[in-house]
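Scope of the values below: all heavy atoms of this structure, side chains included, with no hydrogens, waters or symmetry mates.
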Amino acid sequence: MPAAAMVVAVDRSAKRLVGMHRQSGVDAGGQILVRMFPSLREISTDVVGEGFMPNVEEILSIRPDLILQWGDRGDALIRPLEAVGLTVAAFTFRGETDARDWLRTIAALIGQPERAKTLIDWRDAVQKQLAPLAALPSEDRPKALYLLRARSGLIAAGAGTFNEQSIELAGGRNAAEGIEGSKPVNAEQVLAWNPDVILLNTFEANLTPDVILKHPLLRLTEAARTGRVFVMPTGGYRWDPPSAESPLSWLWLARLLQPERSGITREDMVAAIIDGYKLVYGKTIDRALALEILNPTPEASDKRRTP
Amino acid sequence: MQFGTRSIVFWWSASFVLIITMLVALSIGRYPMAISDVLRLLWDRATSGDGASDEVSRRVVELVRTPRVLLSSIVGAGLGVAGAALQGVFRNPLVAPDILGIAPGAAFGGAVAILLSGDPTLTILSAFVFGIVAILAVSVIGRFGGLGSTLTLVLAGVITGAFFSALVSLTTFIADVESELPAILYWLLGSFAGADFGKLGLALATVLPAVGLIYALRFRINVLALGDTEARGLGLAVAPLRWTVLVGVTVIVAGSVAVAGIVGWIGLVVPHLARLCVGPDHRLLLPASALVGAFLLVLIDTICRSATASEIPLSVLTAIVGAPIFVMALRRAGRLGWGHG
Amino acid sequence: MADAHTLVEIRDGGFAYKAGHWLFHQLYLHLEEGQVGMILGPNGSGKTTLMRCLVGDARLRAGTITCPRRLGYVPQTLALTFDFAVRDIVVMGRVRHISLLGTPNAEDWQHVDRALETVGMRAFAERSFLSLSGGEKQLVLIARALAGGNQLLLLDEPTAALDIANQDRVLQVLWHLRAQEDTTILMSTHDPQHAADLADVVLLMNRDGTSAFGPTETLLTESKLSALYGVPMRRHEAAVNGGPPHVLLAPVSHHYREVGVQ
């Protein structure tokens, strides 16, 4: 699903998209991507059915040159498309390596390979900037827990996830490193991990830190006691899964997990967002929008405040 | 007087084993605590003493483990009794609540409520209402078929179950992939991870009266287990009795689906284990199924929540434990000539 | 007319699965308290259907029927799904006397013990039903009907599936019930000898829907039985061990050697 937003980022326009998943996330959070590229609202979302099953006839009717589809969810998602002569690019979606592959492939496919270089160079630069944090000894790194689900059962991101990579890059330690991939866990397990910081996903509707702060057990975690429970921001795309603007989420995380050592200030963050959006989307955004990403408006959610 | 020594031994040992299992289950979990600490903590609470235990341990035991162990024991007991009663009134040892469409019906009700509002109370209520709707549908369809009543009802149950399963699939199709779908799936897979005292209260309010009703009918269920013609010949009003039991079973299943999602296999397998211990007489079999069901589900759920850092899906473990037991029961079935049923 | 002692009476009884095709019609049957009645007839003459009408499982198309509601029906066999113990089977005969939400009380269990005693199966009370022989099962089912405190015992070919020794056990029990307990019994049977030994009255049901009812000695004649079964039957009387003469009924030996296959 991040593919739609990634295409927009690589191309710096929405004109190449003719169809996308109903929940492609382009309208997530404060709808910032749609506000930057209003034509996204016109794009068909009838092309994909349950479980990303393509609606072949609907797709044929919009005549795409290329289809971006999940590559790790079975042949059934791809074969029907190829059978009618459509071209399919299949992706997997696990970590930073995959994200870079996506960028390279999309850039090549739309004939702008230099865009991939620009975006990947930016990722390298930010990673290099944060390298001292990533190298910190484990006792200096707070334990952070990313919850992919927090309202209907708890799902934690364990070893090998993109979220773990981001946490480690930003000078933290994954509290859930003991599990492989994203798995359901119970509250008792979270208490046993006792994370210093809890990061909440952008996927669940109406999710606020209260889900942790008012939970009879989870409010006993170090994170809740010290008020360090945060919903991940949503910019042009969600900041928890990999996207073209991941470097911004790394900087944000670094400021959160290592306020002193990272030396990143709020103003630095605002500047990084403005520069980043120029680079990624080719749009000049104002300071207010940058602040809105960090502190969503009351309509988006009153509780999603970020330091 | 009519109960042999074998069953007296069974009652004492089964009750003892269940209580020990529940105590041990309270002492096991991902949050590290010594068994002695847990026992002292429980003792302190029981005697209203002000224990020296730290707050986290106290809350883990009180708010996570206690409701969860109690909830799984009640649901296990309820499903055990429901399964035993169903197998009795249909005199078919291969019948279970899932097969009669009750569980899919309740699951659909819950899924719809998640779609429409997401309010937990409404979810539970809706699961309940649709469990009843499913069994009413079974009754209506059953009246169309002109076959022998038992076979017709089972077939009607299969049809209703398949229909509601399809409706459940439809709700997952309509659901928002990122917010509602996970909630529905989480709930359909069955889990006690969300156990709290509210759910415990709901389970008690539904399962206990229904179990009481079914237990009160235990002797008549025995007579019905001989077959419709036989029971009628002995002067039993067959249809009203069967429907009363079915309503009781529906209440149990809807209540347990509402608090824990769909828990497979327990209703099918537990009566067989209980029958091995106390025989087929429902006066003994029903309470034995309650004990065995509670024991089995507490045991399985304890493994689910504590074996690994991530929760093992409940339905996976009940199937892994249930299937071999069922194979064993099938082997016995051959010997007892269940083919006639 | 049915008087105070009449327990079962059918007048002008007729039954048809399809209008106009009488399985039996203008059937008369009359049984008084303490009598033993037997229904004889070849396969397909409607014995079992008549039984079902008496139990209330089927309804006569014509005529009137008088039959006590409290009757103990003994089926030929019991296909059990769950292997109940003998006493648990027998106590089910008490279901009419047990309240809706109740279970058997001490009095019910006394009835069970007495019924098992009567059929000589007391020692088998704790045994599993499915482990019993055919004759023992039949005795347990009779005990179940007795435990219900019923006015009438209705048996559907109780000896049909039994070997001679087991037939003898069941007949012995029936004889005892008739002689000692004054139990009213109505049963169907394939063996006219059982009627000769036990019955006060018999009902002969022919394949053509006609029937004859009367005292045993007037109906169990060679001509009537031969006509009933379509096989030559012989009747002779013999004194056994110097006692009173017994009626012995049997098909003519080897008659099929003479007629060949028809």
Side-chain angles (χ1 to χ4, degrees), chain A residues 1 21-25 27-28 45 48-53 145 147-159 174-194 201-207 215-222 224-225 238 240-241, chain B residues 26 28-33 54-65 67-68 114 118 120 123 169-198 261 301-302 304-314 316:
Chain A
M1 287 184 294
H21 192 278
R22 188 155 38 97
Q23 278 125 14
S24 60
D27 56 350
T45 57
V48 198
E50 184 179 21
F52 301 95
M53 197 64 186
L145 177 68
L147 291 175
L148 181 57
R149 295 286 175 254
R151 290 189 72 211
S152 49
L154 303 169
I155 296 181
N174 186 8
E177 62 193 353
I179 59 175
E180 199 64 40
S182 294
K183 295 272 166 59
V185 296
N186 51 45
E188 196 178 328
Q189 177 64 61
V190 173
L191 263 191
W193 282 329
N194 196 21
N201 67 81
T202 60
F203 296 100
E204 289 175 288
N206 306 321
L207 182 62
H215 189 285
L217 274 158
L218 296 180
R219 70 186 160 109
L220 298 174
T221 52
E222 188 62 25
R225 282 189 219 258
R238 309 170 189 285
D240 31 353
Chain B
L26 281 176
I28 295 177
R30 297 304 297 176
Y31 190 80
M33 263 185 271
D54 72 299
E55 204 200 352
V56 178
S57 306
R58 193 171 60 75
R59 278 175 177 263
V60 164
V61 172
E62 268 177 30
L63 298 175
V64 176
R65 296 184 189 174
R68 194 157 172 171
I114 292 176
T123 306
S169 302
L170 190 65
T171 62
T172 61
F173 172 68
I174 297 168
D176 185 301
V177 175
E178 284 169 0
S179 56
E180 294 155 353
L181 185 62
I184 293 176
L185 291 181
Y186 169 79
W187 191 70
L188 290 180
L189 280 176
S191 167
F192 287 103
D196 56 30
F197 283 102
D301 182 54
T302 304
C304 283
R305 68 181 162 86
S306 56
T308 63
S310 58
E311 285 257 342
I312 301 170
L314 187 63
V316 171

Taking side-chain hydrogen bond (donor to acceptor under 3.5 Å, both in side chains) as the test, write out the residues that go with B:Arg30, two or more places apart. A:Gln189
Show the nearest heavy-atom pair for residues B:Ser310 and A:Ile179, with the distance to one decimal. N-CG2, 3.7 Å
Is any side-chain heavy atom of A:Leu217 closer than 4.5 Å to a side-chain heavy atom of B:Val64? yes
Rounded distance (nearest 0.5 Å) linking atom CG of A:Asn194 with atom OH of B:Tyr31: 7.0 Å
Find the distance between CD (A:Glu188) and CE (B:Met33) and round it off to the nearest 0.5 Å. 5.5 Å
Can you tell me how far CG of A:Leu191 sits from CZ of B:Arg59, rounded to the nearest 0.5 angstrom? 10.0 Å
What residues, two or more places apart in sequence or in another chain, satisfy side-chain hydrogen bond (donor to acceptor under 3.5 Å, both in side chains) together with A:Arg151? none
Spatial distance of atom CD1 (A:Ile155) from atom CD (B:Glu311) [nearest 0.5 Å]: 11.0 Å
After noting the C-alpha distance and the side-chain angles of B:Thr308 and A:Lys183, does the key distance pass the side chain to side chain contact (heavy atoms under 4.5 Å, CB included) rule? CA-CA 10 Å; B:Thr308 63; A:Lys183 295 272 166 59; over 6 Å; no
